[in-house]
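Excluded from the calculations below are hydrogen atoms, water molecules and symmetry mates; all remaining heavy atoms, backbone and side chain alike, are included.
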Amino acid sequence: MRRALKIIAWSLGTLVLIIGLACIGAVIFLHSSYLRSMAETQASAYSGRKTQLGHIGLDWDQATKAIHVRLDDVQIANADWTKSDHMFKADTVEFDLLAKPLLHGDLVFPQVHLQKPDIDLEQNDKDENNWTPAQSPVAGAAVEQAAPQQRSETPLIGQLVIDDGHIAYHDAKRKLDIAGTIQTAQGQAGGQPQAKLDLKGSIEKKPLALHFTGGSILMLRDTDKPYPIDLDVTYADTHLTTKGTVDDPFQFKGADIRLTLQGSNLANIYPLLGIPGPPTPPYKIAGKLNHEPGMWHITNMTMHAGDSDLSGQIDLDQHSKPTLLKANLVSDHLAFADLAPLVGAAPGRTTNVSSEQKKTEQKLEANGELFPNVPLHTEHLRAMNMDVTLDARHVVAPNYLPVTAINARVQVNNGQAQVQPLKIALGSGTVSGQLGIDARSDVPPVTAKLDLQNIELATFFRGSRFFDTTKGRIQGRVDLTGNGKSLAQVMGTARGTIAVGMTDGSVSNLMVSLAGLEIIDALVVYVTGDNQIPIRCALGQLAFDKGVVSFKDTLMDTRRSVLHFDGQANLGTQAVNSKITADPKKFDVLDLHGPIMVEGKLRSPDVHLGRMIPIPTPDFGGAKDVDCDARIRDVLAFKAQGQIPAPSQAPSPQPKPQMHSELQTGGTTP
């Protein structure tokens, strides 16, 4: 908004300068074509651009004591590097200029009439523009003086009439190309005349349309009345409106402006506004727009995105280099699924998602993949610095992921983004730590360092029949690094370790019996009810090496058996090949021997027995209790970046009778 007003001010100043030059030339040279040619030469040297005047007409209006000037076929050449051959041209520029105020250095125009004015504004990839005539310091200084800096300095124009005006703007760096009409019209029901601007074009090959309605040129000078502003911009499926009044449109003081912004994805605002918005579900933002020198504010801001609601304030500090965006956001209702677009995923529902997010989810389902390979525009983080806080006091999440609250601060400093502190409440436990992205690189490194504290195992079984029989608290650590511009790329290059440990818990007897394929126990539980199986401890490490995940020292020790988890998962191909074997601690009459295999895509792996035709046979047991405290201390004491400590010298399970092949050794009885 400020940049647009600045361009308008410069354009107005340039127009005043042109009129002044023409007026002086007209007074001196009258109707002489020879002297008109000399005037063109002097005007060209003064402006730094070749200036052409087809005809100069001059009359004196005795009644109004005004000089009437008519300029035909006016044309001012463009800079050498621009696409168009002219910066300004018009069939006719006609105006009245009061003589008496001119003697005191004041410009008073009872009327100005432009026929078919054509303005071409351009900015190249070196940030050079054609509306600040740097080729001529004299002209630049003159325009700077002529361009109004505040409302009271606006040249007094009684009536401005623009017929069939055209304006175009090209910005090579932003890939912005827009053109349209500019005109004046009578206000509704015979009210004050209005200035209207209608533009159509594109940014990065996506359609852009702009419609602006403002007060008359006379209202710019009238400091007793607020100046009305009505701006409507559509960019692809993003829609921006600002409507209201402002006391001083040049300095944007005393603004009473209502701003609305809506679209399918907040990340799409970057080409339009130059602000790196986060990926979101379809959203709508509303607030009051305010301005002070070098600062923009959106106050009383409300945002609805997907199924989530937020409120707060956004500040844009242009004094900082680069520009600093600060935001304080609060949510009393945040749907955890609405955070999925932050990693390129769809929110996972059929409503309140964009068409692109639907396509992403459909592609993942079709390929059986879990991690989306949707490029995230991390390079946009280089555009400005940011300091954003989020206090999500009430989070709605699915039963299997019991997030209840989120508190985070996101800071971006010269392309380096960090989420710290980050605190996620899961039931009575927490996940806390920091996340980071170094967007200075085209393939940015991404880091995650998190601590899991006192997370109740039962919270992951909310709404299920196993909730009441599941107990235990989980501790853990995450230290991962990956590189890429999508979640799939980051996970496919991940390095580091995830470690977890749990003691004094319990799980459902039915759940374990079915998983362990104990025929008798499963049947008994079905008849007598679901009971608890105590867990002495569960622990494990996942070692990540270039996207390949290996189980290290991963087991569960129950009162009846020790379950071992082995195998690998390839996050690059998003496939898993692992097995679960059980070492029984006591005799079982009927046990289906052989490991449980987990194979296939991570999204929906196939779980089956390790032998084609399982036959129940006795298992004599013999496994020993695990030294839980020592093993958990080792698991949780790993060093950063996935350096796995050597396994503890805990007692090894005793050999069992070899009743089957090596592949099938060990029962699956917990």
Engineer: Closest heavy-atom contact between L334 and A392?
Structural biologist: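 Taking L334 first and A392 second, the nearest heavy atoms are CD2-CB, 3.5 Å.
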Engineer: Quick check for you: to the nearest 0.5 Å, what is the distance between D451 atom CG and L422 atom CG?
Structural biologist: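 Rounded to the nearest 0.5 Å, the CG-CG separation comes to 11.0 Å.
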Engineer: NZ/K243 to CG/D256 distance, rounded to the nearest 0.5 angstrom?
Structural biologist: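 Those atoms lie 12.5 Å apart.
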Engineer: Which heavy atom of R393 sits nearest to which heavy atom of D391, and what is that distance?
Structural biologist: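 Minimum heavy-atom separation between R393 and D391: NE-OD2, 3.2 Å.
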Engineer: Enumerate, atom names and distances included, each donor-acceptor pair closer than 3.5 Å involving a side-chain atom of residues 320-330, sequence neighbours excluded.
Structural biologist:
unit_1	atom_1	unit_2	atom_2	d
S320	OG	D317	OD2	3.4
N328	OD1	T389	OG1	2.8

Engineer: Does K89 come within less than 4.0 Å of D120, counting only side-chain N to carboxylate O?
Structural biologist: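 Salt bridge: no.
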Engineer: What is the minimum heavy-atom distance between N483 and T493, and which atoms define it?
Structural biologist: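 Closest heavy-atom pair between N483 and T493: N-OG1, 2.8 Å.
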Engineer: Of all residues at least two apart in sequence or in a different chain, which pass the side chain to side chain donor-acceptor pair (under 3.5 Å) check with N265?
Structural biologist: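 Applying side chain to side chain donor-acceptor pair (under 3.5 Å) to N265 gives none.
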Engineer: Write down the atom of W296, the atom of H291, and the distance for their closest heavy-atom approach.
Structural biologist: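 Nearest heavy atoms, W296 then H291: CE2-CD2, 3.2 Å.
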Engineer: Let me confirm one number: the OG1-CG distance from T181 to D198, rounded to the nearest 0.5 Å.
Structural biologist: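 T181 OG1 to D198 CG: 4.5 Å, rounded to 0.5 Å.
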Engineer: Does the side chain of T213 pick up a donor-acceptor pair with the side chain of H211 at under 3.5 Å?
Structural biologist: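 Looking only at side-chain atoms, H211 and T213 do form a donor-acceptor pair, the distance falling under 3.5 Å.
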Engineer: Provide the closest heavy-atom pair for L342 versus P278 in the form atom of the first, atom of the second, distance.
Structural biologist: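 Closest approach of L342 to P278: CD2-CB, 3.8 Å.
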Engineer: Between D442 and R382, does at least one N-O distance fall below 4.0 Å, as a salt bridge requires?
Structural biologist: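 Salt bridge between D442 and R382, a charged N being under 4.0 Å from a carboxylate O: yes.
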Engineer: Report the distance from atom NZ of K284 to atom NE2 of H304, rounding to the nearest 0.5 Å.
Structural biologist: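 So the NZ of K284 and the NE2 of H304 are separated by 10.5 Å.
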Engineer: Give me the atom names and distance for the closest heavy-atom approach of P226 to T245.
Structural biologist: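 Heavy-atom minimum between the residues: CB-CB, 3.5 Å.
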Engineer: By the ring-ring contact (aromatic ring centres under 6.0 Å, His included) test, which pairs, at least two apart or in different chains, include something from residues 367-396?
Structural biologist: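 Passing the test, one end in residues 367-396: Y270-H380, H377-H380.
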